[in-house]
Amino acid sequence: MKYISILGSTGSVGTQTLEVVRNNKDITVTALAAGSNIKLLEEQIREFRPNIVCVWDNEKAKELSLNVKDLNVIIVTGMDGLIECATEPKAQIVVTAIVGMIGIRPTIEAIKAGKDIALANKETLVTAGHIIMPLLKEHHVNLLPVDSEHSAIFQAINGEKGNEISRIILTASGGPFRGKKREDLLNIKVEDALKHPNWSMGQKITIDSSTLVNKGLEVIEAKWLFDVELDKIQVVVQPQSVIHSAVEFQDGGIIAQMGTPDMKLPIQYALYYPERRNLPGARVDFFELGKITFEKPDMDTFTGLKLAYQVARIGHSMPTVYNAANELAVSMFLNRKISYLQITELIEMAMNQHKIVQNPSVSEILNIETETYDFIKSILNK
Ligand code: NAD
Ligand code: MG
């Protein structure tokens with residue numbers, strides 16, 4: 001029996017993780033955490049019977065406590081609660097399916113408590129990779145990527161121990177606006193940006209996929225996970241989303257991982273690694289697919305990716321600025337407070353005014369997040 005804790009259980013990755021649990025009979029969920037959807041959380045509690053559940057919103061936590069008082073479950077709230085779920089004593093693996101930099105502290109505490117991490121929450125690694133990576137070594141814990149591209153890379157390098165990677169081919173669908181130019185993006189509405197061609201995901205990552213900021217975050221994520229130089233990470237647009245990423249070795253051989261776009265595969269792989277299990281669902285039919293095509297990403301239109309390469313080169317506190325600016329800008333765009341192109345414009349403005357902090361600590365990272373938010377608000381209030 002495996003014991004797991006899921007942070008972000010009501011979201012896209014969280015619910016798919018629970019589907020994997022449902023399909024396999026040997027995982028016990030010991031902790032769940034979510035933001036405010038207590039209706040779904042209650043259903044999850046009744047089905048999976050965790051020991052402890054965190055609801056970020058304090059009022060909703062109180063309401064949920066009343067609703068499940070017939071059960072033997074502890075309801076906690078806020079950051080302390082999130083950390084309690086991340087360090088729940090029985091859990092062996094913590095699935096970080098929470099969205100945003102809020103994941104930094106619980107992820108760090110989970111590692112310190114010796115839990116393996118199934119990491120979906122890329123924002124944590126992007127902003128605090130320099131803290132997380134050494135911490136994993138210190139506590140002898142494994143980090144298993146859930147992001148489909150990074151899972152693909154991880155699968156491709158399995159059995160290649162000692163062989164140097166000469167190139168990582170990080171594939172991208174190109175998002176809903178592939179082929180468009182900046183002037184075509186002036187009047188993009190929230191509904192347009194939320195239509196991802198191949199994947200069904202949470203709102204924030206769907207917007208990030210449309211701006212290619214998601215791919216930018218993934219470049220930085222890959223740099224940390226696989227310890228490769230930036231020049232060796234090449235983004236290739238592959239609109240059919242069949243090749244989930246690939247790795248080239250020194251002899252020119254390329255190993256790619258392919259499949260239908262289904263997050264349950266990387267989730268299940270992370271939970272059972274190195275075992276592969278049956279996973280119900282569609283299979284790739286090459287005859288039906290007909291062809292797989294490739295394009296260069298258009299970084300002049302989708303500046304979010306170009307900025308990410310700059311950010312990754314600079315390192316230190318710059319990834320935090322890039323990520324924090326994006327988190328606030330995306331939530332403002334979703335709330336119809338700013339235009340689509342302003343997302344990446346605000347990221348760039350925040351980067352330009354930032355004074356680098358070398359190897360920022362967790363509290364410095366969180367301060368820089370607040371400073372970046374304040375900067376963006378001051379710009380918009382002018
Ligand atoms: P989502 O918006 O669907 O779900 C986010 C979850 O986090 C929800 O359960 C929400 O309640 C919870 N949450 C948010 N704020 C919280 C807080 N303060 N305290 C506790 N819980 C909180 O997002 P998602 O699409 O599932 O993405 C989650 C993470 O996984 C993101 O970092 C994303 O980049 C990454 N990811 C997602 C996919 C995907 O297919 N959805 C693929 C790769 C990577
Ligand atoms: Mg991805």
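Atoms within a ligand are numbered from 1 in the order they appear, just like the ligands themselves.
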Indicate, as side chain, backbone, both or neither, the part of [X] found under 4.0 angstrom from ligand 1 when only non-hydrogen atoms are considered.
X	answer
M201	both
V13	both
S148	neither
A97	backbone

Give a yes or no on whether the backbone of [Y] and the side-chain of [X] come within a donor-acceptor separation of less than 3.5 Å.
X	Y	value
N335	K337	no
K377	T372	no
S361	E364	yes
D298	D300	yes
R49	R46	yes

Check the surroundings of atom [atom1] in [X]: do more than 12 heavy atoms from other residues, nucleotides or ligands lie under 6.0 Å from it?
X	atom1	result
D70	CG	yes
M258	CE	yes
D227	CG	no
E229	CD	no
N187	CG	no

So which protein heavy atom does [atom] come closest to, and at what separation?
atom	result
atom 9 (O) of ligand 1	T10 OG1, 2.7 Å
atom 32 (O) of ligand 1	E123 OE1, 2.7 Å
atom 15 (N) of ligand 1	I98 CG1, 4.4 Å
atom 19 (N) of ligand 1	W56 CB, 3.3 Å
atom 36 (N) of ligand 1	I205 CD1, 3.6 Å
atom 25 (O) of ligand 1	G202 N, 2.8 Å
atom 14 (C) of ligand 1	V99 CG1, 4.0 Å
atom 42 (C) of ligand 1	M263 CE, 3.5 Å

**Prompt:** Looking just at side-chain N and O atoms, do Q44 and S9 make a donor-acceptor pair shorter than 3.5 Å?
**Reply:** yes
**Reference residue S173; test side chain to side chain donor-acceptor pair (under 3.5 Å); the match among R178, H196, Q240** = H196
**Message:** Using heavy atoms and a 4.0 Å limit, tell me yes or no: is N37 in contact with ligand 1?
**Reply:** no
**Prompt:** Does ligand 1 have an atom under 4.0 Å from some heavy atom of K204?
**Reply:** no
Backbone or side-chain N or O of [X] under 3.5 Å from ligand 1 N or O:
X	result
G11	yes
D147	no
S12	yes
L82	no

**Message:** For H150 and F226, take the angle between the two ring planes, folded into 0 to 90°, and tell me which bin it lands in: parallel under 30, tilted 30 to 60, perpendicular over 60.
**Reply:** parallel
Ligand 1 atoms in contact with [X] (distance to a heavy atom under 4.0 Å):
X	answer
S9	9 (O)
A120	30 (O), 32 (O), 35 (C), 36 (N), 44 (C)
G8	6 (C), 7 (O), 9 (O), 12 (C)

**Message:** If hydrophobic clusters are built by linking Ile, Leu, Val, Met, Phe, Trp and Tyr wherever their side-chain heavy atoms come under 4.5 Å apart, do L32 and I83 end up in the same one?
**Reply:** no
**Message:** Is there a continuous path of hydrophobic side-chain contacts, each under 4.5 Å between heavy atoms, that joins L346 to M351?
**Reply:** yes
**Complete:** dist E88:CD -> K115:NZ (nearest 0.5 Å) comes out at 6.5 Å
**Complete:** Within a distance under 2.8 Å of the Mg ion (ligand 2), the protein atoms of type N, O or S are D147 OD1, E149 OE1, E218 OE2
